[in-house]
Number of protein chains: 4
Amino acid sequence: MRKKEGDKANEILNAAASVFARDGFDKAQVSAIATSAGVGTGSIYLYFGGKGEILQSLFSRFWDRLAVEMTKLETPDPLLRLNDQLGVFFEQLASDRDFARTYLRDHHRFLEFADPPSKRGYVVCVEFGRRAFLEVVAHQDRTGHAPSPASTDLSQAILFGGVRASLEFLLNNDTPAEIVKTRMLSMAMAGILAATRDPQP
Amino acid sequence: MRKKEGDKANEILNAAASVFARDGFDKAQVSAIATSAGVGTGSIYLYFGGKGEILQSLFSRFWDRLAVEMTKLETPDPLLRLNDQLGVFFEQLASDRDFARTYLRDHHRFLEFADPPSKRGYVVCVEFGRRAFLEVVAHQDRTGHAPSPASTDLSQAILFGGVRASLEFLLNNDTPAEIVKTRMLSMAMAGILAATRDPQP
Amino acid sequence: MRKKEGDKANEILNAAASVFARDGFDKAQVSAIATSAGVGTGSIYLYFGGKGEILQSLFSRFWDRLAVEMTKLETPDPLLRLNDQLGVFFEQLASDRDFARTYLRDHHRFLEFADPPSKRGYVVCVEFGRRAFLEVVAHQDRTGHAPSPASTDLSQAILFGGVRASLEFLLNNDTPAEIVKTRMLSMAMAGILAATRDPQP
Amino acid sequence: MRKKEGDKANEILNAAASVFARDGFDKAQVSAIATSAGVGTGSIYLYFGGKGEILQSLFSRFWDRLAVEMTKLETPDPLLRLNDQLGVFFEQLASDRDFARTYLRDHHRFLEFADPPSKRGYVVCVEFGRRAFLEVVAHQDRTGHAPSPASTDLSQAILFGGVRASLEFLLNNDTPAEIVKTRMLSMAMAGILAATRDPQP
DNA sequence: CATGAATGAGGTTTCATTCAT
DNA sequence: TATGAATGAAACCTCATTCAT
């Protein structure tokens, strides 16, 4: 974001989400975003440094909001908390299909090119997940030895992949979100238990 | 367009995989692919109808080859077969990191835009998976009633998402492929059991 | 447009001189001039019709002021008067380096596009010079025949070119203005004598 | 210049000279240059890196050619040689009015932004002039002491200014080139003698 | 079959100017 | 009077595709 905070910037981001969803980031035209947001093309540049910065801000906003939701989850049981976290993640995306589509296609750009400050929310969310995951491990594993970070990250990544895939399914089928979510969580929980039960390599 | 059979086309596809991996499909330049393949820019168009068709052929070739591998898997136990299928899928991608990166970034284009004939191999692979999955269900579920197709597809999609994510992890970390694969399969198997054990909605 | 008299307009012109000096007329931004002048962007248009009119006014102001100085020069000897005129011209520019830089880069626009009324001062200055020049000729040339106007204009133009070049040198070197001026006048006087001594073509 | 030497590049430069002459560098459109050169817009970029590089090449070509001409001038008498040098300089510009106009308006950009290699010809020409000037001084000044470099540069700059101004006059009037040149040289020679006769400051 | 020079449509970005406050 | 947020036209440059050789 450049100069003005506030509503207009958010409207541009919403418009961008829908245009990105339809055309993908690379093919998306700034002028289309402007039209969709009901502003002049040039106005985009009053709020964002360029097309890339729009994408960055869009994801940054998403993760920041998600981080807030994550913070509210205080389920003591780590497994249930992980369940809730994945559920919130899924729901946030499921509730905004335009953004969800953009997430599926272009989130890797955010990870690759966004500058660190804009990744704050993302890092926070990942950290929440990791902590819950480690607690599950500690709970399971009476011997007390911690799993290697790589091992945790890997398992966590696979869970994310499951959420991602369930979301993709949701977007391309008529199955109700609730059913998709349930199935996803069911498989995820089983996966977590398998991952934390296994001897760490 | 008219695909001249032979080596040159395959070399172009290999070159394309590396260029797509580095730049992504949208930013990739046809001339860069040509240079990387050691042919003139114009020659590309003797073998492919355009940039889009290169992508299509690249994925088509991948799925065709994978379909061949899938056919070889005749493990009688459906769960083990599913395990082997996911393993083969993972290994094929893990063994060609350039293509893997392209798969992660641009496979959705293949699904969205490729013409049906070029999807043959893909459809075959999916079908192999679905059949194994259904057998697992049938095996578990003594009542004999089939799960809804949607339910099967969803579970399958989530499994794919897990493979996908584990692959992404592999590309971005130093963890050995074997370890990633083992963990992925471990979680996948658990997920499958959970998915097939649950009452179908 | 309607030039509100007063200080603000002059401040804007001063600001413009510095911005033009730094960026050149074409690259100069109106908003930069406004900022430099300490007024809002829109206010510029209360005093001037547009960017072009700013340039026009800037040069117009310069020539008007110079015309006033020229009027004060009443040296009877025409050669000495010419010497003084060139000196005053040089000094006025040397004393405002921002404007001088703009003069060197963009004065041609003034000559090409300014409307006649704003060229009043310029015309007056040129006329002063021409008159002195003709007197020198008349003084030299006992036969009394006047040189052709073209011939006079040409010689005068060349003198202006010398002043211009000496000014450019001044801006790009550390040589003191006094030395530059002396050398310039020395060469100019020699040039004038040569020009007026020669048989007119 | 980028890839191909040869005719096309030169034609583009000629077209650029005419467009720059008409519109000035900043307002000149690359597409207009392309049209004027009879090539596609994109072709420009096969030969030049951009609009700026066209300007650079245009001036570079001019100075390189002039340097060749300068080399041919072997008049032993330094004053006459200087006379010839200024004459050649004038004639080269007078013979290509489009370029001359561009020279008058935009040569400062070349000096400010061109990279050193492209200034080679320019430096050579200036050096030729300086050497002749110093010889004149040495010839005049029997005491043998050299004038300060700054002093030489200044005088030389003023001479260039005279040529420049005479050229401008030529472009804006109907006076024959020969007459303008003669008058210019007459004044220049007188100026040189004045400059070299004066005690060096 | 093979080439690569040539093309030109199209997108991002800038900035002079306006006008509601 | 004064402001500065908003506008949208315009231009540089890229690159997929073609075609003469």
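A, B, ... follow the sequence lines: proteins, then strands. Residue 1 opens every chain.
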Task: Any-strand Watson-Crick or G-U partner of dT14(F), both distances under 3.5 Å - done: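 Across all strands, the one nucleotide that pairs with dT14(F) is dA9(E).
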
Open item on the list: Any strand counts, and the cut-off is 3.5 Å on both contacts for Watson-Crick or G-U wobble. Which nucleotide pairs with dA2(E)?
Closed with: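 Base partner found: dT21(F).
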
Separation of [X] atom [atom1] from [N] atom [atom2], in whole Å?
{"X": "Asp23(B)", "N": "dT14(F)", "atom1": "CG", "atom2": "P", "answer": "15 Å"}
{"X": "Phe48(D)", "N": "dT14(F)", "atom1": "CZ", "atom2": "P", "answer": "15 Å"}
{"X": "Glu53(C)", "N": "dT17(E)", "atom1": "CD", "atom2": "P", "answer": "10 Å"}
{"X": "Lys51(A)", "N": "dT14(E)", "atom1": "NZ", "atom2": "P", "answer": "15 Å"}
{"X": "Lys27(C)", "N": "dA11(F)", "atom1": "NZ", "atom2": "P", "answer": "15 Å"}
{"X": "Ile33(C)", "N": "dT3(F)", "atom1": "CD1", "atom2": "C1'", "answer": "17 Å"}
{"X": "Phe20(B)", "N": "dA16(F)", "atom1": "CZ", "atom2": "C1'", "answer": "12 Å"}

Is [X] close enough to [N] that one of its side-chain N or O atoms is under 4.0 Å from OP1 or OP2 there?
{"X": "Tyr45(A)", "N": "dA6(F)", "result": "no"}
{"X": "Lys8(B)", "N": "dA2(E)", "result": "yes"}
{"X": "Thr41(B)", "N": "dG4(E)", "result": "no"}
{"X": "Tyr47(C)", "N": "dT1(F)", "result": "no"}

From [options], pick the nucleotide closest to the side chain of [X]?
{"X": "Gln29(B)", "options": "dC15(F), dT3(E), dT7(E)", "answer": "dC15(F)"}
{"X": "Val30(B)", "options": "dT7(E), dG4(F), dT17(F)", "answer": "dT17(F)"}
{"X": "Leu46(B)", "options": "dA2(F), dT7(E), dT3(E)", "answer": "dT3(E)"}

Task: Upstream residue (5' side of DNA chain E) when Gly42(B) and Gly42(C) are each assigned their closest nucleotide - done: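 With Gly42(B) and Gly42(C) compared, the 5'-side residue is Gly42(B).
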
TODO: Using the closest heavy atom to pick a nucleotide of DNA chain E for each, name whichever of Ile44(B) or Ser31(A) lands nearer the 5' end.
DONE: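 Closer to the 5' end of DNA chain E: Ile44(B).
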
Task: Of Asp26(B) and Gly40(A), the one whose closest DNA chain F nucleotide lies more 5' - done: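 That would be Gly40(A).
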
Open item on the list: Go nucleotide by nucleotide along DNA chain F from the 5' end; which of Ser43(A) and Val39(C) gets its closest nucleotide reached first?
Closed with: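 Result: Val39(C).
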
Less than 4.5 Å apart, side chain to side chain, heavy atoms only: is that true for [X] and [Y]?
{"X": "His107(C)", "Y": "Tyr122(C)", "result": "yes"}
{"X": "Arg61(C)", "Y": "Asn10(C)", "result": "yes"}
{"X": "His108(B)", "Y": "Leu104(A)", "result": "no"}
{"X": "Val19(C)", "Y": "Thr35(C)", "result": "no"}
{"X": "Ile54(D)", "Y": "Tyr47(D)", "result": "no"}

Task: Result of checking Arg105(C), Arg109(C), Lys51(C) against Asp26(C) for side chain to side chain donor-acceptor pair (under 3.5 Å) - done: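 Output: one option passes, namely Arg109(C).
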
Open item on the list: Base, sugar-phosphate or nothing for Ala28(A)? Non-hydrogen atoms, less than 4.0 Å.
Closed with: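 Since only primed, P, OP1 and OP2 atoms lie under 4.0 Å of Ala28(A), the category is sugar-phosphate.
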
